[in-house]
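This one's a predicted model, so the numbers in the text were calculated from it and none came from an experiment.
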Amino acid sequence: MYLADRTTPTGTTRSLSGGRVRGTLRAASPTVLALGTVSLITDVSTEMVTAVLPLYLVFGLGLGPLGFGMLDGVQNGVSALVQLAGGHLADRVRDHKLVAGIGYGLSALVKPLLLVPHLGALGVSLALDRTGKGLRTAPRDALISLSAPPERQGRAFGLHRAMDTTGALLGPLVAFLILGMAAGGYDAVFTVSGCVAALGVLVLLLFVPGGQRRAARGARPTGVPVRSRAGRAKGPAADAEARVDLRAAFGLLRTPRLRALACCAVLLGLTTVSDAFLYILLQRRAGVGEQLLPLLPLGTAAVFLLLALPAGRLADRIGRRTVFLAGHAGLLLAYALLLWSPDTPALPYLVLALHGIFYAATDGVLPAAVAAVVPAPLRASGIALVGTGQALARFCCSLAFGAAWATWGDGPALAVAAAGLACCAAVAGVALRPSEGRR
């Protein structure tokens with residue numbers, strides 16, 4: 001099966017109209033809606049900083065591509081390392097909301113450090129913010145997966161990602177408006193970002209339902225072996241249900257389907273250029289004004305917002321493997337357009353549209369696929385294992401791309417990334433191919 005979960009839920013014969021979206025909202029669990037609201041608010045805060053950061057570091061502080069790549073890579077690396085700890089801790093204490101809340105709270109608490117005019121303080125703030133993100137990501141996704149039936153995992157994650165991306169769409173816009181209106185410039189952006197992050201933590205505490213211990217004990221994903229008549233579990237996934245420790249968490253990798261997912265996520269992550277680099281490349285190659293750089297993420301976010309829920313529904317219907325690989329094909333086309341750099345005003349719109357398609361087809365589909373093959377007591381650990389591998393791979397990609405840019409220039413560096421992505425996507429297509437009889 002791997003990513004090719006073709007289960008089609010009953011009652012999906014409605015027309016492709018707005019009624020389907022409204023039906024999805026009515027059918028969504030309170031947990032998904034509450035977590036989506038928290039993510040929306042938090043992403044407004046996070047993307048306010050992310051949108052101005054390349055402008056601030058490259059054009060304000062004068063960092064070169066190698067220095068920027070190192071700082072960007074450190075952010076991804078810290079998040080990756082902590083994500084595994086956050087997922088395992090949430091499973092161990094049987095309280096996903098608590099661990100997610102600690103992560104959201106840490107990200108809000110360190111926002112004032114951004115106001116210190118020193119590169120070291122900025123680095124510490126970004127590292128701690130990524131630590132908070134790493135802590136909360138796996139428990140949050142585990143909460144989402146445990147609140148939705150297996151045949152609706154894709155649309156549950158799609159709805160959450162759509163709400164999350166609404167915040168990502170609003171954040172750069174708010175930052176751009178503040179930069180244009182406030183005398184304090186960057187300091188004003190960082191201050192407002194901290195206040196918004198605190199609001200997100202408050203919404204989490206008040207509105208996200210607790211009581212996930214019972215859900216974690218009672219839920220069982222499709223494809224997880226059941227116990228035999230003698231009462232003994234069969235297979236590594238079933239054995240993991242008997243205990244929650246590091247050995248059981250890493251033992252999930254003995255499951256062929258999860259191992260294939262993890263390996264493919266790592267391979268593709270090694271060739272995924274970070275968003276910040278892609279926006280800087282687009283700004284330079286398309287001739288976009290430097291003052292408009294903070295607005296480029298809006299294009300990606302708008303497409304992601306429009307397609308996240310349809311992509312999740314499509315993945316539930318036709319198979320997650322197909323949608324996942326199609327998203328990476330979209331990213332490869334974006335690389336090709338940047339390399340070609342045709343003299344057309346449509347270039348920025350095309351690249352940003354393809355970038356948004358990439359996220360819509362992969363960001364929620366991958367954890368939905370993982371949730372389908374990991375037992376509930378280790379759900380956060382399983383999601384964290386795959387997410388950590390992917391984030392570490394992207395950390396390596398940021399460092400390597402920055403070094404290649406500084407050595408050879410942006411064109412050769414991007415060409416190598418594009419060639420690598422094409423090869424890795426072909427390998428993933430074979431590795432994630434559905435087995436005979438597993439449709």
Looking at [X] and [Y], would you say the former's side chain and the latter's main chain have a donor-acceptor pair under 3.5 Å?
| X | Y | result |
| --- | --- | --- |
| Lys111 | Phe190 | no |
| Gln153 | Ser145 | yes |
| Arg379 | Val374 | yes |
| Thr137 | Gly134 | no |
| Asp316 | Gly154 | yes |
| Arg285 | Leu338 | yes |
| Arg320 | Val365 | no |
| Asp410 | Trp405 | no |
| Ser39 | Asp164 | no |
| Gln283 | Val288 | yes |

Do [X] and [Y] have a side chain donor and acceptor closer than 3.5 Å?
| X | Y | value |
| --- | --- | --- |
| Ser107 | Arg136 | yes |
| His328 | Thr362 | no |
| Tyr359 | Thr165 | no |

Report yes if some heavy atom in the side chain of [X] is under 4.5 Å from a heavy atom in the side chain of [Y]; otherwise report no.
| X | Y | answer |
| --- | --- | --- |
| Leu204 | Leu35 | yes |
| Leu261 | Leu432 | yes |
| Leu347 | Pro342 | yes |
| Phe401 | Leu281 | yes |
| Leu113 | Val124 | yes |
| His160 | Arg140 | yes |
| Leu106 | Val110 | yes |
| Gln390 | Val266 | no |

Say you draw a straight line from [atom1] of [X] to [atom2] of [Y]; how long is it, rounded to the nearest 0.5 Å?
| X | Y | atom1 | atom2 | result |
| --- | --- | --- | --- | --- |
| Asp43 | Leu40 | CG | CG | 7.5 Å |
| Leu84 | Leu89 | CG | CG | 11.0 Å |
| Thr300 | Glu47 | OG1 | CD | 10.0 Å |
| Leu258 | Leu385 | CG | CG | 6.5 Å |
| Asp91 | Ser381 | CG | OG | 3.5 Å |
| Tyr349 | Leu354 | OH | CG | 15.0 Å |

Worksheet item: Can you check whether His355 and Tyr335 have ring centres sitting under 6.0 Å from each other?
Response: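 No - the distance between ring centres of His355 and Tyr335 does not fall below the 6.0 Å cut-off.
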Discussion item. If you apply the rule side-chain contact (heavy atoms from CB on, under 4.5 Å), what do you find for Ile357 with Val303, and how did you get there?
Written reply: CA-CA 7 Å; Ile357 290 171; Val303 177; 4.0 Å; yes
Item to complete: Decide yes or no on side-chain contact (heavy atoms from CB on, under 4.5 Å) for Leu252 and Leu378, but give the supporting numbers first.
Response: CA-CA 9 Å; Leu252 291 171; Leu378 287 172; 4.0 Å; yes
Smallest separation among heavy atoms of [X] and [Y], with atom names:
| X | Y | result |
| --- | --- | --- |
| Leu268 | Ala428 | CD1-CB, 4.2 Å |
| Val99 | Pro139 | CG1-CG, 3.8 Å |
| Leu267 | Val427 | CD1-CG1, 3.9 Å |
| Leu339 | Gly411 | CD2-O, 3.4 Å |
| Leu298 | Pro172 | CD2-CB, 3.9 Å |
| Ala34 | Pro209 | CB-CD, 4.3 Å |

Worksheet item: Do Phe304 and Phe358 pass the side-chain contact (heavy atoms from CB on, under 4.5 Å) test, and can you show the C-alpha distance, the side-chain angles, and the key distance before you say yes or no?
Response: CA-CA 8 Å; Phe304 190 2; Phe358 162 69; over 6 Å; no
Worksheet item: Which residue pairs satisfy the salt bridge (charged side-chain N to carboxylate O under 4.0 Å, His left out) criterion with at least one member in residues 141-150, sequence neighbours excluded?
Response: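 Residue pairs with at least one partner in residues 141-150: Asp141-Arg161.
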Practice prompt. Would you please test Ser147 and Ser29 for side-chain hydrogen bond (donor to acceptor under 3.5 Å, both in side chains) and show each step?
Written response: CA-CA 6 Å; Ser147 66; Ser29 73; 3.3 Å; yes
Practice prompt. Give the intermediate values and the outcome of side-chain contact (heavy atoms from CB on, under 4.5 Å) for residues Leu350 and Thr344.
Written response: CA-CA 10 Å; Leu350 291 173; Thr344 171; 5.6 Å; no
